Amino acid sequence: MVSPPLHLRNYIGGHFVDVPARLESRDPSTGQVTVTVPDSDRGHVDEAVKAAAEAFKSWSKLPVQQRTDYCLKIAAILESRLDEFAEAESRDQGKPVWLARAVDAPRAVLNFRAYAESLNHELMTSNTPTPGVLNYTLRQPVGVVAAISPWNLPIYLLTFKIAPAIMTGNTVVCKPSEFTSVTAYKLAEVIQEAGVPAGVVNMVFGSGPGAGEALVTHPEVKLVSFTGSTAVGRHINQLCAPHFKKVSLEMGGKNAAVVFGDADLTEAIPTLIRAAFVNSGQVCLCASRVYVHSDIYEQFVELFVKETRSKKVGPPCSEGVFMGPVNNRVQFEKVKRYLEIARDEGGVIRCGETVDPPLNLPEENAEGYFLQPTVITGLSDGSRCMQEEIFGPVTCLTPFDSEEEVISRVNSTQYGLCASVWSSSLSTVHRVSEQLQVGTVWNNCWLVRSLDMPFGGIKLSGIGAESTRESIEFYTNWKTVCVKF
Ligand code: NAD
């Protein structure tokens, strides 16, 4: 007698859920339909993602030992049903039962057991204690690396890519920003002078859509390290995905600062002015949203605006200048457009562009892309100026009342690069840091960097991280070598 096909269901939020639309699955050894499988649509996926996001809130906070216990329990149950799993795998996939019993099913057990045990002890073993077998790992360079860098920190970011790439044995083709190619060119001179063998570091100058795109899509390029805007990063990721290239994307941000009522304002205000306006606000880590506790908000705004007004804007080579122009016309126009948007959205410009007297610049700088450091208040969290990356000398101040409220407001953007927290309470800074959805949180400081600490964004700010350790991961491939002796 032929049994009816096995009817599979989705598993969402701890429940088995039926899906009317079905796909047929055949036993490879007979060609007969033996299983029907859900043909899930976007709605089902959405339900599952929502369930997972909900579960993440508590699972991510569970002590590691408890996660370990769960995984060990899964391993034990799988093991007790080993024959059943082996037979089902064999029927569905077509491999001999003995193979599934010897390899596939036990390996499933081992995966859970091994990860549970080794991650629990934070161990990385390079030598499994199997008699007669030596396992070891090699780290090998990936190959030709494409390094694509932006215009805001041209030599800083380009060298941040080249150094780890070549140290780990890769060779590099760089495509610096078409807006800022000079120091990259000079770096090529330095590299030649240092006697680095020909071809190890190469620079290709040009536009993004031209040279840049040709580089990242070149079949020989195995790894792309990109720093730039989220829009271009997304496009590059799409181009690379079909070729399974390794990709690291360091992209835009909408970084927040949170100033609690017990913060030391003599430290916080000058540092946050630097955080907002240094390099004309064109550092991906700049603070463009400043949340200030309502108890000190008015005082903070007054001091912040006063000190911002004291900052000198002018030609970059002039004495005592805090801020030069923004990098290019496109950026200049873009920032000015955002100031109009801020007004339309109900924002109040407290100092800087459009409210303070125009800059008194030397005649030769009349056509330069100068903008004054600009402080805006009165914008809602949902406004474009509070959500989108302006990447210029503009920052928005806004009051908050409670810790819980400010954490949720800081997290309410698509970006996740960095944040800073200002408080004299250690427990506050630790508690808040843990809950902010960003790659880096500075407490009572900003832009204090150690190359040994991972640097990278989450959400729309990036994938991958860079640091002495993380860069080794990225710029090398693992190889496991097993020797039977
Ligand atoms: P961009 O994305 O316009 O350009 C970055 C680089 O990509 C340039 O070299 C450009 O020529 C190249 N490019 C453009 N289109 C391309 C394509 N189709 N294929 C391949 N390459 C292409 O960024 P930008 O305006 O130069 O820089 C500003 C942005 O960089 C901001 O969003 C800023 O936040 C971001 N940024 C991020 C970090 C970080 O570490 N997360 C650091 C610095 C800057």
Side-chain angles (χ1 to χ4, degrees), residues 145-161 172-185 203-218 221 223-241 243 245 247-255 275 278-288 326-335 338 369 387-392 394 413-419 438-440 447 449 451 453-467 470-471 474:
V145 164
I148 312 262
S149 51
W151 48 257
N152 68 320
L153 300 168
I155 196 74
Y156 174 122
L157 290 171
L158 190 62
T159 47
F160 192 32
K161 297 180 187 308
V172 191
V173 180
C174 308
K175 210 301 282 172
S177 170
E178 56 273 46
F179 290 108
T180 51
S181 299
V182 174
T183 49
Y185 179 78
M203 303 274 174
V204 180
F205 298 99
S207 77
E213 196 151 327
L215 178 59
V216 299
T217 54
H218 194 290
V221 168
L223 179 152
V224 176
S225 175
F226 169 81
T227 303
S229 64
T230 297
V232 173
R234 177 184 281 127
H235 181 62
I236 288 178
N237 205 24
Q238 284 163 350
L239 293 173
C240 292
H243 308 284
K245 296 178 190 232
V247 177
S248 155
L249 304 170
E250 302 284 0
M251 305 186 287
K254 191 69 196 174
N255 312 306
V278 75
N279 203 33
S280 299
Q282 302 165 118
V283 177
C284 54
L285 303 164
C286 275
S288 59
V326 296
N327 174 257
N328 55 71
R329 177 159 288 283
V330 177
Q331 197 57 28
F332 180 69
E333 299 297 346
K334 179 182 159 192
V335 175
Y338 270 107
Y369 309 131
Q387 289 291 327
E388 298 172 14
E389 185 184 47
I390 300 173
F391 215 54
V394 180
T413 75
Q414 293 191 298
Y415 292 105
L417 193 53
C418 74
V438 293
T440 301
L447 207 56
R449 283 272 295 123
L451 269 183
M453 300 307 290
F455 173 78
I458 59 170
K459 297 159 81 177
L460 291 196
S461 293
I463 49 174
E466 295 173 276
S467 79
E470 268 69 22
S471 296
F474 178 55

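Order of listing sets the numbers, starting from 1, for every ligand and every atom in it. Because the structure is a prediction, the values reported are computed rather than measured.
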Considering heavy atoms of the protein only, find what lies nearest to [atom] and give residue, atom and distance to 0.1 Å.
{"atom": "atom 25 (O) of ligand 1", "result": "W151 NE1, 2.8 Å"}
{"atom": "atom 12 (C) of ligand 1", "result": "I148 CG2, 3.6 Å"}
{"atom": "atom 8 (C) of ligand 1", "result": "S149 O, 3.4 Å"}
{"atom": "atom 17 (C) of ligand 1", "result": "G208 O, 3.3 Å"}
{"atom": "atom 2 (O) of ligand 1", "result": "S229 OG, 2.6 Å"}
{"atom": "atom 39 (C) of ligand 1", "result": "C284 SG, 3.3 Å"}
{"atom": "atom 41 (N) of ligand 1", "result": "M251 O, 2.7 Å"}
{"atom": "atom 27 (O) of ligand 1", "result": "P150 CB, 3.2 Å"}

[X] to ligand 1, any heavy atom closer than 4.0 Å:
{"X": "F226", "result": "yes"}
{"X": "P176", "result": "yes"}
{"X": "G457", "result": "no"}

Review point. Would you say the side-chain atoms of K254 pair up with the backbone N or O of E388, donor to acceptor, closer than 3.5 Å?
Key: yes
Near [X], which atoms of ligand 1 are under 4.0 Å from a heavy atom of that residue?
{"X": "V232", "value": "2 (O), 13 (N), 14 (C), 15 (N), 16 (C), 22 (C)"}
{"X": "L157", "value": "42 (C), 43 (C)"}
{"X": "F455", "value": "40 (O)"}
{"X": "E213", "value": "17 (C), 18 (N), 19 (N), 20 (C)"}

Exercise for review: Determine, considering heavy atoms only, which of A231, G252, G228 sits nearest to atom 35 (C) of ligand 1.
Suggested key: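 Nearest option to atom 35 (C) of ligand 1, by heavy atoms: G228.
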Is there a polar contact between ligand 1 and [X], counting only N or O atoms under 3.5 Å apart?
{"X": "E178", "answer": "yes"}
{"X": "N152", "answer": "no"}
{"X": "K175", "answer": "yes"}
{"X": "E389", "answer": "yes"}

When rounded to the nearest 0.5 angstrom, what is the spacing between [atom1] in [X] and [atom2] in [Y]?
{"X": "L215", "Y": "L239", "atom1": "CG", "atom2": "CG", "result": "11.5 Å"}
{"X": "W151", "Y": "F391", "atom1": "CH2", "atom2": "CZ", "result": "5.0 Å"}
{"X": "I155", "Y": "Y185", "atom1": "CD1", "atom2": "OH", "result": "13.5 Å"}

Exercise for review: Answer yes or no: are there more than 12 heavy-atom neighbours, outside E333 itself, under 6.0 Å from its atom CD?
Suggested key: yes
Practice item. Would you indicate whether R234, at its atom CZ, is surrounded by more than 12 heavy atoms from other residues, nucleotides or ligands within a distance under 6.0 Å? Key: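 It does not: R234 CZ has 12 such atoms or fewer within range.
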**Study point:** Location of contacts on V283 toward ligand 1, heavy atoms closer than 4.0 Å
**Key:** neither
Exercise for review: With heavy atoms under 4.0 Å as the rule, classify the contact between L153 and ligand 1 as side chain, backbone, both or neither.
Suggested key: neither
Point to revise | Shortest non-hydrogen separation from V224 to K245 and the atoms involved | key: CG2-CD, 4.4 Å
